[in-house]
A.B. asks: 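Here you go, one structure.
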Protein chains: 2
Amino acid sequence: MARTGRRPGEGNTRALVLEAARALFAEQGYDGASMRAIAARASVDPALIHHYFGTKQDLFVESLGLPLDPAVLLPGILEIDRAELPDALAELFFQVWEDEGARERMLSLVRSISTNEQAARMMREFVTSRFLFPIADHLGLPDARLRASLIAAQVVGLAVMRFIVRVEPLVSTPREQLKPMLTAAVRAHLTPS
Amino acid sequence: MARTGRRPGEGNTRALVLEAARALFAEQGYDGASMRAIAARASVDPALIHHYFGTKQDLFVESLGLPLDPAVLLPGILEIDRAELPDALAELFFQVWEDEGARERMLSLVRSISTNEQAARMMREFVTSRFLFPIADHLGLPDARLRASLIAAQVVGLAVMRFIVRVEPLVSTPREQLKPMLTAAVRAHLTPS
(Lines give C-alpha, C1' and ligand atoms only; values in the text may rest on other atoms or scores of the structure.)
Protein backbone atom coordinates (compact mmCIF):
# COMPACT_ATOMS: atom_id res chain seq x y z
CA MET A 1 0.00 0.00 0.00
CA ALA A 2 1.11 3.58 -0.58
CA ARG A 3 1.85 5.50 2.64
CA THR A 4 -1.12 7.65 3.55
CA GLY A 5 -2.51 9.18 6.71
CA ARG A 6 -4.74 6.14 7.21
CA ARG A 7 -4.75 4.13 10.41
CA PRO A 8 -3.02 0.73 10.32
CA GLY A 9 -5.44 -1.85 8.94
CA GLU A 10 -7.54 0.71 7.07
CA GLY A 11 -5.98 -0.19 3.73
CA ASN A 12 -6.84 -3.81 4.27
CA THR A 13 -10.42 -2.98 5.23
CA ARG A 14 -10.82 -0.78 2.15
CA ALA A 15 -9.50 -3.57 -0.08
CA LEU A 16 -11.88 -6.10 1.49
CA VAL A 17 -14.85 -3.78 1.01
CA LEU A 18 -13.95 -3.01 -2.62
CA GLU A 19 -13.60 -6.72 -3.38
CA ALA A 20 -16.94 -7.52 -1.70
CA ALA A 21 -18.59 -4.63 -3.58
CA ARG A 22 -17.30 -5.80 -6.96
CA ALA A 23 -18.54 -9.34 -6.28
CA LEU A 24 -21.99 -8.31 -5.05
CA PHE A 25 -22.62 -5.70 -7.76
CA ALA A 26 -21.73 -8.38 -10.32
CA GLU A 27 -23.97 -11.01 -8.71
CA GLN A 28 -26.99 -8.85 -7.83
CA GLY A 29 -26.71 -5.78 -10.03
CA TYR A 30 -26.47 -2.18 -8.88
CA ASP A 31 -30.02 -2.01 -7.54
CA GLY A 32 -29.94 -5.43 -5.86
CA ALA A 33 -26.68 -5.16 -3.93
CA SER A 34 -27.27 -3.43 -0.59
CA MET A 35 -24.61 -1.71 1.50
CA ARG A 36 -25.60 -4.03 4.35
CA ALA A 37 -24.94 -7.13 2.20
CA ILE A 38 -21.61 -5.73 1.02
CA ALA A 39 -20.61 -5.08 4.66
CA ALA A 40 -21.59 -8.63 5.61
CA ARG A 41 -19.59 -10.09 2.72
CA ALA A 42 -16.53 -8.05 3.77
CA SER A 43 -17.16 -8.82 7.48
CA VAL A 44 -17.04 -5.15 8.43
CA ASP A 45 -19.49 -2.82 10.12
CA PRO A 46 -21.83 -1.08 7.61
CA ALA A 47 -21.06 2.25 9.28
CA LEU A 48 -17.40 1.77 8.35
CA ILE A 49 -18.31 1.51 4.65
CA HIS A 50 -20.24 4.76 4.79
CA HIS A 51 -17.34 6.34 6.62
CA TYR A 52 -14.74 5.22 4.06
CA PHE A 53 -16.72 5.37 0.82
CA GLY A 54 -19.84 7.53 1.29
CA THR A 55 -22.98 6.41 -0.58
CA LYS A 56 -23.61 3.19 -2.50
CA GLN A 57 -23.16 5.22 -5.68
CA ASP A 58 -19.73 6.42 -4.52
CA LEU A 59 -18.74 2.85 -3.67
CA PHE A 60 -19.88 1.62 -7.09
CA VAL A 61 -17.86 4.31 -8.91
CA GLU A 62 -14.76 3.53 -6.83
CA SER A 63 -14.99 -0.27 -6.91
CA LEU A 64 -15.28 -0.31 -10.72
CA GLY A 65 -12.73 2.44 -11.26
CA LEU A 66 -15.22 4.42 -13.36
CA PRO A 67 -13.67 7.48 -14.99
CA LEU A 68 -16.87 9.48 -14.45
CA ASP A 69 -18.90 10.05 -11.35
CA PRO A 70 -22.52 10.85 -12.28
CA ALA A 71 -23.04 12.32 -8.80
CA VAL A 72 -20.41 14.95 -9.65
CA LEU A 73 -21.55 15.57 -13.25
CA LEU A 74 -25.31 15.46 -12.91
CA PRO A 75 -26.02 18.70 -10.99
CA GLY A 76 -24.14 20.72 -13.62
CA ILE A 77 -25.91 19.00 -16.50
CA LEU A 78 -29.34 19.55 -14.96
CA GLU A 79 -28.66 23.30 -14.89
CA ILE A 80 -28.07 23.47 -18.64
CA ASP A 81 -30.82 24.81 -20.93
CA ARG A 82 -32.32 22.23 -23.28
CA ALA A 83 -31.06 24.33 -26.23
CA GLU A 84 -27.48 24.17 -24.92
CA LEU A 85 -27.60 20.52 -23.85
CA PRO A 86 -26.58 18.92 -27.18
CA ASP A 87 -23.36 20.93 -27.30
CA ALA A 88 -22.62 20.27 -23.61
CA LEU A 89 -23.10 16.50 -23.99
CA ALA A 90 -20.90 16.41 -27.11
CA GLU A 91 -18.22 18.33 -25.20
CA LEU A 92 -18.45 15.87 -22.29
CA PHE A 93 -18.09 12.93 -24.69
CA PHE A 94 -14.83 14.25 -26.08
CA GLN A 95 -13.47 15.24 -22.66
CA VAL A 96 -13.86 11.66 -21.45
CA TRP A 97 -12.80 9.80 -24.56
CA GLU A 98 -9.84 11.97 -25.45
CA ASP A 99 -8.33 11.61 -21.99
CA GLU A 100 -6.06 8.59 -22.27
CA GLY A 101 -6.57 7.19 -18.77
CA ALA A 102 -10.35 7.62 -18.89
CA ARG A 103 -10.48 6.10 -22.37
CA GLU A 104 -8.62 2.98 -21.28
CA ARG A 105 -11.03 2.44 -18.40
CA MET A 106 -14.03 3.04 -20.69
CA LEU A 107 -12.68 0.54 -23.23
CA SER A 108 -12.18 -2.09 -20.59
CA LEU A 109 -15.77 -1.48 -19.39
CA VAL A 110 -17.13 -1.83 -22.94
CA ARG A 111 -15.30 -5.13 -23.32
CA SER A 112 -16.64 -6.57 -20.11
CA ILE A 113 -20.18 -5.34 -20.87
CA SER A 114 -20.19 -6.90 -24.34
CA THR A 115 -19.00 -10.29 -23.13
CA ASN A 116 -20.46 -10.60 -19.63
CA GLU A 117 -24.18 -10.36 -18.85
CA GLN A 118 -23.50 -9.60 -15.17
CA ALA A 119 -21.30 -6.63 -16.08
CA ALA A 120 -23.92 -5.47 -18.60
CA ARG A 121 -26.65 -5.65 -15.98
CA MET A 122 -24.88 -3.69 -13.26
CA MET A 123 -23.73 -0.94 -15.64
CA ARG A 124 -27.19 -0.77 -17.22
CA GLU A 125 -28.87 -0.33 -13.84
CA PHE A 126 -26.34 2.20 -12.64
CA VAL A 127 -26.20 4.35 -15.77
CA THR A 128 -29.97 4.43 -16.27
CA SER A 129 -30.97 5.13 -12.68
CA ARG A 130 -28.16 7.56 -11.84
CA PHE A 131 -27.58 9.40 -15.11
CA LEU A 132 -29.83 8.75 -18.09
CA PHE A 133 -33.26 8.87 -16.44
CA PRO A 134 -32.59 11.89 -14.20
CA ILE A 135 -31.50 13.86 -17.29
CA ALA A 136 -34.45 12.54 -19.34
CA ASP A 137 -37.02 13.30 -16.65
CA HIS A 138 -35.64 16.81 -16.36
CA LEU A 139 -36.19 17.46 -20.09
CA GLY A 140 -39.97 17.51 -19.97
CA LEU A 141 -40.28 16.06 -23.49
CA PRO A 142 -42.64 13.37 -24.81
CA ASP A 143 -40.83 9.99 -24.82
CA ALA A 144 -37.97 11.64 -22.95
CA ARG A 145 -36.46 8.41 -21.61
CA LEU A 146 -36.60 6.80 -25.03
CA ARG A 147 -34.96 9.87 -26.57
CA ALA A 148 -32.27 9.87 -23.90
CA SER A 149 -31.50 6.20 -24.57
CA LEU A 150 -31.25 6.86 -28.33
CA ILE A 151 -28.78 9.66 -27.58
CA ALA A 152 -26.85 7.22 -25.40
CA ALA A 153 -26.92 4.76 -28.32
CA GLN A 154 -25.43 7.39 -30.64
CA VAL A 155 -22.70 8.21 -28.14
CA VAL A 156 -21.88 4.58 -27.36
CA GLY A 157 -21.85 3.74 -31.07
CA LEU A 158 -19.51 6.63 -31.82
CA ALA A 159 -17.12 5.46 -29.09
CA VAL A 160 -17.22 1.90 -30.41
CA MET A 161 -16.62 2.95 -34.03
CA ARG A 162 -13.92 5.57 -33.27
CA PHE A 163 -12.00 3.81 -30.52
CA ILE A 164 -12.69 0.04 -30.78
CA VAL A 165 -13.55 -0.87 -34.38
CA ARG A 166 -11.52 2.20 -35.49
CA VAL A 167 -13.50 2.93 -38.65
CA GLU A 168 -12.19 5.64 -40.97
CA PRO A 169 -12.79 8.50 -41.45
CA LEU A 170 -14.08 8.57 -37.85
CA VAL A 171 -10.62 7.93 -36.39
CA SER A 172 -8.76 10.68 -38.23
CA THR A 173 -11.49 13.34 -38.19
CA PRO A 174 -10.49 15.95 -35.63
CA ARG A 175 -12.68 16.64 -32.65
CA GLU A 176 -13.50 20.16 -33.93
CA GLN A 177 -15.08 18.72 -37.08
CA LEU A 178 -16.81 15.81 -35.38
CA LYS A 179 -18.27 17.70 -32.45
CA PRO A 180 -20.82 19.81 -34.42
CA MET A 181 -22.04 16.65 -36.16
CA LEU A 182 -22.53 14.86 -32.85
CA THR A 183 -24.24 17.96 -31.46
CA ALA A 184 -26.63 17.99 -34.44
CA ALA A 185 -27.47 14.31 -33.94
CA VAL A 186 -28.20 14.84 -30.23
CA ARG A 187 -30.32 17.87 -31.09
CA ALA A 188 -32.32 15.82 -33.62
CA HIS A 189 -33.14 13.30 -30.89
CA LEU A 190 -34.32 16.12 -28.63
CA THR A 191 -36.60 17.57 -31.31
CA PRO A 192 -39.99 15.85 -31.47
CA SER A 193 -41.12 15.57 -35.09
CA MET B 1 -21.16 -34.24 -43.49
CA ALA B 2 -24.75 -33.96 -44.64
CA ARG B 3 -25.50 -35.87 -47.83
CA THR B 4 -25.44 -33.55 -50.80
CA GLY B 5 -24.85 -33.88 -54.49
CA ARG B 6 -21.16 -33.09 -53.94
CA ARG B 7 -18.36 -35.33 -55.13
CA PRO B 8 -16.54 -37.37 -52.49
CA GLY B 9 -13.85 -35.21 -50.91
CA GLU B 10 -15.54 -31.94 -51.75
CA GLY B 11 -16.86 -31.47 -48.21
CA ASN B 12 -13.37 -31.89 -46.86
CA THR B 13 -11.92 -29.41 -49.34
CA ARG B 14 -14.61 -26.86 -48.48
CA ALA B 15 -13.90 -27.28 -44.77
CA LEU B 16 -10.15 -26.84 -45.34
CA VAL B 17 -10.70 -23.69 -47.40
CA LEU B 18 -13.09 -22.16 -44.84
CA GLU B 19 -10.61 -22.85 -42.04
CA ALA B 20 -7.73 -21.34 -44.04
CA ALA B 21 -9.89 -18.32 -44.92
CA ARG B 22 -10.85 -17.66 -41.29
CA ALA B 23 -7.20 -17.88 -40.24
CA LEU B 24 -5.85 -15.61 -42.98
CA PHE B 25 -8.60 -12.99 -42.71
CA ALA B 26 -7.87 -12.83 -38.98
CA GLU B 27 -4.10 -12.58 -39.49
CA GLN B 28 -4.00 -10.21 -42.46
CA GLY B 29 -7.37 -8.48 -42.49
CA TYR B 30 -9.91 -8.51 -45.30
CA ASP B 31 -7.80 -6.44 -47.69
CA GLY B 32 -4.52 -8.22 -46.93
CA ALA B 33 -5.63 -11.84 -47.30
CA SER B 34 -5.48 -12.88 -50.97
CA MET B 35 -7.37 -15.78 -52.52
CA ARG B 36 -3.99 -17.14 -53.64
CA ALA B 37 -2.67 -17.13 -50.05
CA ILE B 38 -5.85 -18.78 -48.76
CA ALA B 39 -5.50 -21.49 -51.45
CA ALA B 40 -1.85 -22.06 -50.48
CA ARG B 41 -2.76 -22.33 -46.79
CA ALA B 42 -5.47 -24.89 -47.61
CA SER B 43 -3.20 -26.66 -50.12
CA VAL B 44 -5.80 -26.47 -52.87
CA ASP B 45 -5.82 -24.97 -56.34
CA PRO B 46 -6.98 -21.29 -56.33
CA ALA B 47 -9.35 -22.11 -59.18
CA LEU B 48 -11.12 -24.59 -56.89
CA ILE B 49 -11.82 -21.83 -54.36
CA HIS B 50 -13.40 -19.64 -57.03
CA HIS B 51 -15.39 -22.62 -58.22
CA TYR B 52 -16.73 -23.48 -54.76
CA PHE B 53 -17.07 -20.03 -53.19
CA GLY B 54 -17.07 -17.33 -55.89
CA THR B 55 -15.33 -14.05 -55.02
CA LYS B 56 -13.18 -13.18 -52.00
CA GLN B 57 -16.18 -11.27 -50.66
CA ASP B 58 -18.39 -14.38 -50.95
CA LEU B 59 -15.74 -16.45 -49.18
CA PHE B 60 -15.49 -13.88 -46.37
CA VAL B 61 -19.27 -13.84 -45.83
CA GLU B 62 -19.41 -17.65 -45.79
CA SER B 63 -16.32 -18.27 -43.64
CA LEU B 64 -17.56 -15.88 -40.95
CA GLY B 65 -21.19 -16.97 -41.16
CA LEU B 66 -22.30 -13.35 -41.67
CA PRO B 67 -26.08 -12.96 -41.63
CA LEU B 68 -25.89 -10.27 -44.35
CA ASP B 69 -24.21 -10.30 -47.70
CA PRO B 70 -23.41 -6.73 -48.81
CA ALA B 71 -23.03 -7.98 -52.39
CA VAL B 72 -26.70 -8.98 -52.29
CA LEU B 73 -27.96 -5.89 -50.44
CA LEU B 74 -25.90 -3.13 -52.01
CA PRO B 75 -27.40 -2.94 -55.52
CA GLY B 76 -30.88 -2.47 -54.07
CA ILE B 77 -29.70 0.19 -51.61
CA LEU B 78 -27.90 2.15 -54.31
CA GLU B 79 -31.16 2.42 -56.26
CA ILE B 80 -32.96 4.13 -53.39
CA ASP B 81 -33.51 7.93 -53.45
CA ARG B 82 -31.61 9.87 -50.82
CA ALA B 83 -34.96 11.03 -49.40
CA GLU B 84 -36.11 7.41 -48.96
CA LEU B 85 -32.77 6.08 -47.72
CA PRO B 86 -33.25 6.81 -43.97
CA ASP B 87 -36.47 4.80 -43.85
CA ALA B 88 -34.95 1.96 -45.91
CA LEU B 89 -31.88 1.69 -43.65
CA ALA B 90 -34.03 1.71 -40.51
CA GLU B 91 -36.16 -1.05 -42.02
CA LEU B 92 -33.04 -3.09 -42.85
CA PHE B 93 -31.78 -2.67 -39.27
CA PHE B 94 -34.94 -4.16 -37.79
CA GLN B 95 -35.13 -6.94 -40.37
CA VAL B 96 -31.67 -8.15 -39.36
CA TRP B 97 -31.85 -7.63 -35.63
CA GLU B 98 -35.36 -8.97 -35.13
CA ASP B 99 -34.55 -12.22 -36.91
CA GLU B 100 -33.39 -14.54 -34.15
CA GLY B 101 -30.77 -16.44 -36.11
CA ALA B 102 -29.28 -13.31 -37.66
CA ARG B 103 -29.29 -11.55 -34.28
CA GLU B 104 -27.35 -14.36 -32.61
CA ARG B 105 -24.69 -14.22 -35.32
CA MET B 106 -24.51 -10.42 -35.09
CA LEU B 107 -24.13 -10.60 -31.29
CA SER B 108 -21.33 -13.09 -31.55
CA LEU B 109 -19.61 -10.81 -34.10
CA VAL B 110 -19.97 -7.79 -31.80
CA ARG B 111 -18.40 -9.76 -28.95
CA SER B 112 -15.41 -10.85 -30.99
CA ILE B 113 -14.94 -7.35 -32.42
CA SER B 114 -14.98 -5.72 -29.00
CA THR B 115 -12.43 -8.11 -27.51
CA ASN B 116 -10.18 -9.02 -30.43
CA GLU B 117 -8.27 -6.48 -32.50
CA GLN B 118 -7.86 -8.95 -35.38
CA ALA B 119 -11.60 -9.49 -35.60
CA ALA B 120 -12.15 -5.73 -35.38
CA ARG B 121 -9.70 -5.09 -38.21
CA MET B 122 -11.13 -7.61 -40.65
CA MET B 123 -14.73 -6.53 -40.05
CA ARG B 124 -13.75 -2.85 -40.26
CA GLU B 125 -12.02 -3.36 -43.63
CA PHE B 126 -14.83 -5.48 -45.00
CA VAL B 127 -17.74 -3.31 -43.89
CA THR B 128 -16.15 -0.03 -44.95
CA SER B 129 -14.89 -1.13 -48.36
CA ARG B 130 -17.88 -3.30 -49.32
CA PHE B 131 -20.82 -1.47 -47.75
CA LEU B 132 -20.27 1.88 -46.03
CA PHE B 133 -18.09 3.67 -48.58
CA PRO B 134 -19.98 2.54 -51.69
CA ILE B 135 -23.19 3.90 -50.14
CA ALA B 136 -21.46 7.09 -48.98
CA ASP B 137 -19.80 7.76 -52.33
CA HIS B 138 -23.15 7.29 -54.03
CA LEU B 139 -24.76 10.01 -51.87
CA GLY B 140 -22.90 12.95 -53.38
CA LEU B 141 -22.90 14.88 -50.08
CA PRO B 142 -20.11 16.87 -48.43
CA ASP B 143 -18.31 14.68 -45.84
CA ALA B 144 -20.35 11.74 -47.10
CA ARG B 145 -18.05 9.04 -45.67
CA LEU B 146 -17.96 10.76 -42.31
CA ARG B 147 -21.75 11.04 -42.33
CA ALA B 148 -22.10 7.39 -43.31
CA SER B 149 -19.84 6.33 -40.45
CA LEU B 150 -21.85 8.43 -37.97
CA ILE B 151 -25.01 6.69 -39.20
CA ALA B 152 -23.23 3.36 -38.71
CA ALA B 153 -22.33 4.51 -35.18
CA GLN B 154 -25.99 5.27 -34.43
CA VAL B 155 -27.07 1.88 -35.73
CA VAL B 156 -24.32 -0.05 -33.94
CA GLY B 157 -25.01 1.85 -30.72
CA LEU B 158 -28.73 1.09 -30.95
CA ALA B 159 -27.98 -2.61 -31.43
CA VAL B 160 -25.60 -2.59 -28.45
CA MET B 161 -28.05 -0.75 -26.18
CA ARG B 162 -31.18 -2.72 -27.23
CA PHE B 163 -29.71 -6.21 -27.54
CA ILE B 164 -26.51 -6.37 -25.44
CA VAL B 165 -26.68 -3.84 -22.60
CA ARG B 166 -30.50 -4.10 -22.79
CA VAL B 167 -31.29 -0.59 -21.62
CA GLU B 168 -34.91 0.32 -20.97
CA PRO B 169 -37.05 1.72 -22.47
CA LEU B 170 -35.14 0.69 -25.63
CA VAL B 171 -35.80 -3.00 -25.06
CA SER B 172 -39.55 -2.82 -24.60
CA THR B 173 -40.31 -0.08 -27.15
CA PRO B 174 -41.94 -1.74 -30.15
CA ARG B 175 -40.29 -1.54 -33.53
CA GLU B 176 -43.13 0.62 -34.91
CA GLN B 177 -42.38 3.34 -32.37
CA LEU B 178 -38.61 3.08 -32.59
CA LYS B 179 -38.32 2.99 -36.36
CA PRO B 180 -39.45 6.58 -37.05
CA MET B 181 -37.00 7.84 -34.41
CA LEU B 182 -34.11 5.92 -36.00
CA THR B 183 -35.23 7.18 -39.42
CA ALA B 184 -35.17 10.79 -38.13
CA ALA B 185 -31.66 10.32 -36.70
CA VAL B 186 -30.35 8.91 -40.00
CA ARG B 187 -32.02 11.76 -41.87
CA ALA B 188 -30.35 14.31 -39.58
CA HIS B 189 -26.95 12.84 -40.44
CA LEU B 190 -27.76 13.12 -44.15
CA THR B 191 -28.78 16.77 -43.84
CA PRO B 192 -25.81 19.17 -43.99
CA SER B 193 -26.33 22.02 -41.56
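Here the structure is a predicted model, which is why all the values come from computation and not from measurement. Order of the sequence lines sets the chain letters (A, B, ...), proteins ahead of strands, with each chain counted from 1.
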A.B. asks: Between B:E117 and A:I164, is the side-chain contact (heavy atoms from CB on, under 4.5 Å) condition met? List the steps.
C.D. replies: CA-CA 8 Å; B:E117 163 55 24; A:I164 297 181; over 6 Å; no
A.B. asks: Please look at B:S149 and chain A and tell me whether the side chain, the backbone, both or neither of the residue comes under 4.5 angstrom of a heavy atom of that chain.
C.D. replies: both
A.B. asks: Can you name the nearest heavy-atom pair linking A:Q177 to B:D143, along with the distance?
C.D. replies: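 The pair with the smallest heavy-atom distance is NE2-OD1, 3.4 Å.
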A.B. asks: Can you say whether A:V167 sits under 4.5 Å from chain B via the side chain, the backbone, both, or neither, judging by heavy atoms?
C.D. replies: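 Both backbone and side chain.
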A.B. asks: Considering only heavy atoms and a distance below 4.5 Å, find which of B:A159, B:G157, B:P180 pairs most often with chain A.
C.D. replies: B:G157
A.B. asks: From the options A:V155, A:V156, A:L150, select the one residue that forms a side-chain contact (heavy atoms from CB on, under 4.5 Å) with B:M161.
C.D. replies: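 When A:V155, A:V156, A:L150 are each tested with B:M161, the side-chain contact (heavy atoms from CB on, under 4.5 Å) holds only for A:V156.
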A.B. asks: Taking everything shown except B:R105 itself, do over 12 heavy atoms lie less than 6.0 Å from its CZ?
C.D. replies: yes
A.B. asks: With a 4.5 angstrom heavy-atom cut-off, could you sort out which part of A:T173 is near chain B: side chain, backbone, both or neither?
C.D. replies: side chain
A.B. asks: Could you tell me the separation between the CD atom of B:E168 and the CG atom of A:L146, rounded to the nearest 0.5 Å?
C.D. replies: 10.0 Å
A.B. asks: For A:A152, is it the side chain, the backbone, both, or neither that has a heavy atom closer than 4.5 Å to a heavy atom of chain B?
C.D. replies: both
A.B. asks: Tell me, side chain or backbone of A:L107 under 4.5 Å from chain B's heavy atoms, or both, or neither?
C.D. replies: neither
A.B. asks: Quick check for you: among A:V165, A:V127, A:I113, which has the greatest number of heavy-atom pairs under 4.5 Å with chain B?
C.D. replies: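 Option with the top pair count is A:V165.
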A.B. asks: Can you say whether A:L182 sits under 4.5 Å from chain B via the side chain, the backbone, both, or neither, judging by heavy atoms?
C.D. replies: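 Neither part; nothing is under 4.5 Å.
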A.B. asks: Relative to chain B, which segment of A:E125 carries a heavy atom at a distance below 4.5 Å: side chain, backbone, both, or neither?
C.D. replies: neither
A.B. asks: Can you tell me how far CG of B:L170 sits from CZ of A:R124, rounded to the nearest 0.5 angstrom?
C.D. replies: 12.0 Å
A.B. asks: Considering only heavy atoms and a distance below 4.5 Å, find which of A:R147, A:M123, A:R121, A:R162 pairs most often with chain B.
C.D. replies: A:R147
A.B. asks: Should we count CZ of A:R103 as having more than 12 external heavy atoms under 6.0 Å?
C.D. replies: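 Yes, enclosed.
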A.B. asks: If you apply the rule side-chain contact (heavy atoms from CB on, under 4.5 Å), what do you find for A:M181 with B:H189, and how did you get there?
C.D. replies: CA-CA 8 Å; A:M181 297 175 98; B:H189 281 308; 5.5 Å; no
A.B. asks: Spell out, yes or no, whether A:L92 and A:L78 are grouped together once hydrophobic residues are joined by side-chain heavy atoms under 4.5 Å, including indirect joins.
C.D. replies: yes
A.B. asks: Does atom CD of A:E19 have more than 12 heavy-atom neighbours from other groups under 6.0 Å away?
C.D. replies: no
A.B. asks: Of the backbone (N, CA, C, O) and the side chain (C-beta and beyond), which part of B:V160 lies under 4.5 Å from a heavy atom of chain A, both, or neither?
C.D. replies: side chain
